Amino acid sequence: MTQALPPVSTRDEWEERVSKMRLPEAAYVAGHPVEAVSGETFANFSPTTGNIVNHVAAADAADVDRAVAAARAAFVQGDWANSSPGDRKKVLLRLAGLIRENAEELALLESLDMGKPISDALNVDVPAAAGVWQWHAEAIDKIYDEIAPTGRGDLALVRREPLGVVAAVVPWNFPLDMAAWKCAPALAAGNSVVLKPAEQSPLSALRLAELATEAGVPDGVLNVLPGFGETAGQALGRHPDVDCLAFTGSTEVGKYFLSYSAESNAKPVWLELGGKSPNLVFADAESLDEVAAKTAFGIFYNQGEVCSANSRLLVHRSVKDELLERLVEQAAAMAPGHPLDPDTTMGALVSREHTDRVMEFVESGRKTARLVVGGERLTLSSDCYVTPTIFDDVSNDQEIARDEIFGPVLSVISFDDEAEAVRIANDTRFGLAASVWTSDLSRALRVSEQLKVGTVSVNTVDALSPMTPFGGFKQSGVGRDLSLHSFDKYTALKTTWICY
Ligand code: NAD
């Protein structure tokens, strides 16, 4: 049983907790922690401490075979797959409760692994993950099947069935939340799951597996394989006994999964990929203070490591200078700090390699645009900190406007009229999200209709809830996470036609 520890409130207390904490390091298969079949481990670097925090089982193809076999055996045995939706609901609600009871531990694992501020991990990520488990658990016994309108003498039942073994491969930016977005609907629908967290952030997924067992998820129904993409990830993508592959990550790797599927068993592949989301500010926006505050949040929150980050600010020329002035103030207020300091609002980037990459974009921006603020790499607990950065006078064909930087870097582009704003917004290979700021309802609706993105937030940024589907147009992906639509990905419709 897990035991609640006393609440923690200062950086010293969090650091003391780290020093006493058990960090998960084994893979989790068939309800138990196991070493990798090869016995190999990999070093788990923390940008929060600047050190290797532990060594974690390095799963590869042999581990994938073992975990998929365990998932299949559990599915065929049927304790989970054949249980009533109401029974699965009870177990998954218990899991949501255990996530909340263990919030501090999970938040700490999250912050250690990927450098996010502990306050965000504790107040946003962990409650959000619990909320996603709860929402899908509560939904599953409220979805009815169908009877087709055949007429007398025929009865055609249209029922949803779980697919079998679902593999989920997820990124490091919101490890616990991304795991919940995939696993909660897949498990609620009765599937077995093999989850592969990113190699940068294995800890919270491994703890989640233990909590799932404690909640009553049968052995083999949720398996977790820490390991690298080219080995464990690819083996899942190519496995002939995986019925469905749900991926969140970069567009580049998402495309690999399409080919893995084509070259193996043609499993359905659902992709939540990258973005370069535009934030359109019209001159009639109600409050530039509000726009500045939300714009800063939209690009700097989570160190800018957000798929739907509003990384292109498209602003009407007449209000640009005024808005920029306010944005610079916001950026200054978000200076990076130690992730375990509860007052920190911007933490460390996930790794040295990723920080190097972000700084290459900053260098590219210095050559092509005008640096307004930031652009510095800092060494605090590690050298993975980048100050909030704003480039002005960017044109949409520059690298910093076209590529996903996945760091705290904002590109500001001016426009003169609505048609130009929409054209620039859509001139990207991505289509995940967009924001529109205006006090004119007709304009809000007109522009929203024209934007080729999965979510348009009007007079806010990043509107998001388990109730609404999330995903992308174009190269931002295929399929939708969250909402009742997420069950479509993890179930197949079966028609049973009876003549009488
Ligand atoms: P990534 O694509 O490098 O890795 C994601 C996952 O894929 C990891 O588990 C990784 O181990 C695995 N992987 C890497 N190479 C692989 C390969 N060759 N074969 C199989 N698996 C492989 O992405 P990342 O750096 O972890 O995360 C950042 C990306 O995720 C960004 O592009 C971001 O936009 C995207 N993202 C999208 C959403 C969304 O909902 N659309 C949400 C969060 C993050």
Side-chain angles (χ1 to χ4, degrees), residues 42 44 56 58-61 64 113-114 116 125 128 132 167-182 194-202 204-205 224-239 242 245-261 263-264 269-277 299 301-311 349-351 353-355 357-358 403-407 428-433 453-455 462 464 468-483 486 489:
F42 66 91
N44 184 24
V56 177
D60 63 19
V64 167
D113 255 353
M114 54 73 63
K116 76 171 66 204
D125 294 53
V132 167
V169 177
V170 294
W172 44 260
N173 59 338
F174 293 95
L176 199 61
D177 288 355
M178 293 300 106
W181 287 23
K182 307 296 184 205
V194 181
L195 167 68
K196 193 200 86 63
E199 53 271 33
Q200 297 87 346
S201 59
S204 59
V224 179
L225 295 181
F228 291 89
E230 294 76 11
T231 49
Q234 176 163 192
L236 282 168
R238 292 187 180 279
H239 204 287
V242 167
L245 193 300
F247 173 75
T248 297
S250 60
T251 296
E252 182 192 0
V253 174
K255 290 179 184 176
Y256 293 158
F257 277 100
L258 293 173
S259 56
Y260 299 156
S261 167
E263 289 160 14
S264 58
V269 174
W270 303 110
L271 302 175
E272 298 287 345
L273 307 175
K276 193 73 193 176
S277 298
I299 180 62
Y301 182 71
N302 209 45
Q303 302 72 243
E305 297 163 326
V306 179
C307 52
S308 52
N310 290 259
S311 51
L349 299 188
V350 68
S351 66
E353 298 72 27
H354 183 59
T355 313
R357 195 172 160 269
V358 170
D403 290 344
E404 185 180 41
I405 301 175
F406 224 55
T428 166
R429 66 182 182 281
F430 298 111
L432 192 55
V453 300
T455 301
D462 259 336
L464 177 70
T468 48
F470 184 90
F473 283 41
K474 302 198 282 189
Q475 293 190 40
S476 287
V478 51
R480 295 290 180 266
D481 276 336
L482 304 176
S483 84
S486 67
K489 300 195 298 191

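Excluded from the calculations below are hydrogen atoms, water molecules and symmetry mates; all remaining heavy atoms, backbone and side chain alike, are included. Each ligand, and each atom within it, is numbered from 1 in the order the structure gives. As the structure is a computational prediction, the values presented were derived from the model and not from experiment.
Ring orientation note: the planes of Tyr260 and Tyr256 are tilted relative to one another, at an angle of 30° to 60°. Taking the six-membered ring where tryptophan is involved, the planes of Phe406 and Trp172 are perpendicular, since the angle between them exceeds 60° and thus also 30°.
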- Message: Using salt bridge (charged side-chain N to carboxylate O under 4.0 Å, His left out), reason through Lys276 and Asp403 one step at a time and then give a plain yes or no.
- Response: CA-CA 7 Å; Lys276 193 73 193 176; Asp403 290 344; over 6 Å; no

Item to check | Verdict with reasoning, Asp177 to Val132, per side chain to side chain contact (heavy atoms under 4.5 Å, CB included) | outcome: CA-CA 8 Å; Asp177 288 355; Val132 167; over 6 Å; no

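The closest side-chain donor-acceptor pair between Asn44 and Asp113 falls under 3.5 angstrom.
Every protein residue with a heavy atom nearer than 4.0 Å to ligand 1 is included here: Val169, Val170, Pro171, Trp172, Asn173, Met178, Lys196, Pro197, Ala198, Glu199, Gly229, Gly233, Gln234, Phe247, Thr248, Gly249, Ser250, Val253, Tyr256, Phe257, Tyr260, Glu272, Leu273, Gly274, Cys307, Glu404, Phe406, Leu432, Phe470.
For the pairing with Met114, the side-chain contact (heavy atoms from CB on, under 4.5 Å) check across Glu305, Gln200, His354 returns one residue only, Glu305.
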